[in-house]
Amino acid sequence: MKLRLVLILLLFAASVGILVWLYCAATRAPRAPQVSPWTETLADLDACCRRKHVKSVQYDKFAAIAVGESRPDAERLFRAMAFSERLQEHHCAQAILHLGGSYTPPVRIVLFGGTTDGNLERSIFHELRSLGERHGAEIDRAMRKNNRYAARLLARAAAADRRNAALLEHCRRSGKDHPDSCRFLVCPGCGNIYAAGDPDPYCPFCLTRSERFVRFE
């Protein structure tokens with residue numbers, strides 16, 4: 001008799017506990033979805049990846065046009081820049097994955113044609129306009145979040161854009177009648193482009209040894 005009474009009390013207590021738990025679960029305020037601390041940085045890295053992807057495809061096309069016009073100087077430069085842009089896209093995409101995001105390259109890309117001289121002008125304008133629109137804001141946002149990893153990649157990408165504009169301007173000023181003497185080296189670690197000659201023993205951006213540089217000649 002006592003055992004039956006104890007079992008009834010235990011069942012009653014368990015039932016009350018379940019009812020209380022169900023009531024609390026039903027009335028509890030829904031949890032706010034967790035927001036990644038890197039939301040802005042991921043968006044900036046994704047935008048950088050997309051810019052680099054589009055430019056790499058565009059520069060490959062410009063290189064092919066330069067080949068058809070017998071402009072080896074411009075062809076090598078466009079090929080070197082396309083390779084550099086792909087490297088930087090890859091590094092930024094890896095950073096996105098490390099920070100918990102995902103990256104999908106753009107599928108539809110509008111490509112421009114034209115003459116090599118026109119393509120040089122167009123490329124210079126695009127590089128400088130892109131730099132002017134950003135003003136280093138994405139680097140500042142990454143630094144405010146204390147994400148030096150992303151800030152370093154974004155700074156390298158911006159430096160590459162400035163360097164591209166300078167190389168393009170030099171090629172444009174030289175013109176098609178300039179002696180064919182342009183050769184380029186690209187650091188496989190960060191995409192830094194050098195005019196071939198006597199390169200530093202190490203890349204000043206990522207310390208990759210010069211023996212590993214990719215030559216475009």
Side-chain angles (χ1 to χ4, degrees), residues 41-67 71-99 101-113 116 119-120 122-131 134 138-139 142 149-168 170-171 182-196 199 202-217:
T41 301
L42 285 170
D44 288 332
L45 287 169
D46 185 83
C48 182
C49 280
R50 291 174 178 276
R51 286 195 305 271
K52 296 296 180 180
H53 182 85
V54 171
K55 288 200 294 181
S56 69
V57 177
Q58 183 66 81
Y59 287 150
D60 276 332
K61 180 172 182 179
F62 287 169
I65 292 173
V67 170
R71 293 287 299 274
D73 54 343
E75 181 261 334
R76 291 191 200 97
L77 177 57
F78 281 130
R79 282 198 298 118
M81 291 195 303
F83 180 73
S84 172
E85 300 290 354
R86 281 192 290 272
L87 280 174
Q88 292 169 62
E89 178 193 10
H90 172 74
H91 293 322
C92 287
Q94 289 297 308
I96 290 174
L97 295 178
H98 291 327
L99 295 175
S102 60
Y103 166 67
T104 302
V107 177
R108 302 186 65 180
I109 303 173
V110 178
L111 297 178
F112 296 96
T116 294
N119 293 335
L120 289 168
R122 181 181 291 112
S123 300
I124 294 168
F125 173 78
H126 179 78
E127 294 284 10
L128 295 178
R129 185 186 67 178
S130 179
L131 281 168
R134 300 197 307 275
E138 72 279 18
I139 303 171
Y149 171 43
R152 182 170 64 250
L153 291 177
L154 292 167
R156 286 178 181 174
D161 292 344
R162 293 187 185 90
R163 189 165 54 252
N164 286 350
L167 291 170
L168 288 162
H170 176 74
C171 186
C182 295
R183 305 292 187 274
F184 300 98
L185 303 173
V186 180
C187 171
C190 64
N192 190 34
I193 300 179
Y194 298 87
Y202 297 91
C203 172
F205 285 93
C206 65
L207 299 182
T208 298
R209 293 188 62 87
S210 60
E211 289 86 350
R212 295 182 54 200
F213 291 175
V214 180
R215 301 185 68 89
F216 290 85
E217 55 185 5

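Along the sequence shown, residues are numbered consecutively beginning with 1. Here the structure is a predicted model, which is why all the values come from computation and not from measurement.
- A pairwise comparison of heavy atoms in Arg79 and Glu217 identifies NH2-O, 4.1 Å as the closest pair.
- A donor-acceptor pair is defined here as one N or O able to donate and one able to accept, closer than 3.5 Å; no such pair exists between the side chain of Ser130 and the backbone of His126.
- You'll find the side chain of Gln94 stays beyond 4.5 Å of the side chain of Leu153, heavy atoms only.
- Side chains of Pro188 and Phe213 form a contact here, defined as non-hydrogen atoms less than 4.5 Å apart.
- Interatomic distance, CG of Leu77 versus CZ of Arg183, reported as 12.5 Å (0.5 Å rounding).
- Rounding to the nearest 0.5 Å gives a distance of 4.0 Å between CZ of Arg134 and CZ of Arg51.
- Annotation for Cys171 and Ala74: closest pair SG-CA, 3.8 Å, computed over non-hydrogen atoms.
- None of His90, Arg50, Glu89, His53 except one satisfies the side-chain hydrogen bond (donor to acceptor under 3.5 Å, both in side chains) rule with Tyr103; the exception is Glu89.
- Between Asn164 and Glu127, the closest heavy-atom pair is ND2-OE2, 3.3 Å.
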Open item on the list: side-chain contact (heavy atoms from CB on, under 4.5 Å), that's the test. Do Glu85 and Gln58 meet it? Break it down for me.
Closed with: CA-CA 10 Å; Glu85 300 290 354; Gln58 183 66 81; over 6 Å; no
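- For the pair Phe78/Asn119, a side-chain contact is recorded, criterion being any heavy-atom separation below 4.5 Å from C-beta on.
- No side-chain heavy atom of Asn192 sits less than 4.5 Å from a side-chain heavy atom of Cys206.
- A distance of 10.5 Å separates OG1 of Thr41 from CD of Glu138, quoted to the nearest 0.5 Å.
- In this structure, CD on Gln88 lies 10.0 Å from SG on Cys49, to the nearest 0.5 angstrom.
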- [ ] Mind running side-chain contact (heavy atoms from CB on, under 4.5 Å) on Leu120 and Phe62 for me, showing each step along the way?
- [x] CA-CA 9 Å; Leu120 289 168; Phe62 287 169; over 6 Å; no
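- Between Phe83 and Phe216, the ring-plane angle classifies as tilted under the 30° and 60° cut-offs.
- Within the model, atoms CZ of Arg156 and CG of Leu87 stand 11.0 Å from one another, a figure rounded to the nearest 0.5 Å.
- Tyr149 approaches Ala95 most closely through the heavy-atom pair OH-CA, 3.4 Å.
- The shortest non-hydrogen separation linking Leu154 to Asp44 is CD2-O, 4.2 Å.
- From Leu168, atom CG reaches atom CZ of Arg163 across 11.5 Å, with rounding to the nearest 0.5 Å.
- Among all heavy-atom pairs drawn from Thr208 and Gly189, the shortest one is OG1-CA, 3.9 Å.
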Task: Intermediate values then yes/no, salt bridge (charged side-chain N to carboxylate O under 4.0 Å, His left out), Arg129 and Asp161 - done: CA-CA 10 Å; Arg129 185 186 67 178; Asp161 292 344; over 6 Å; no
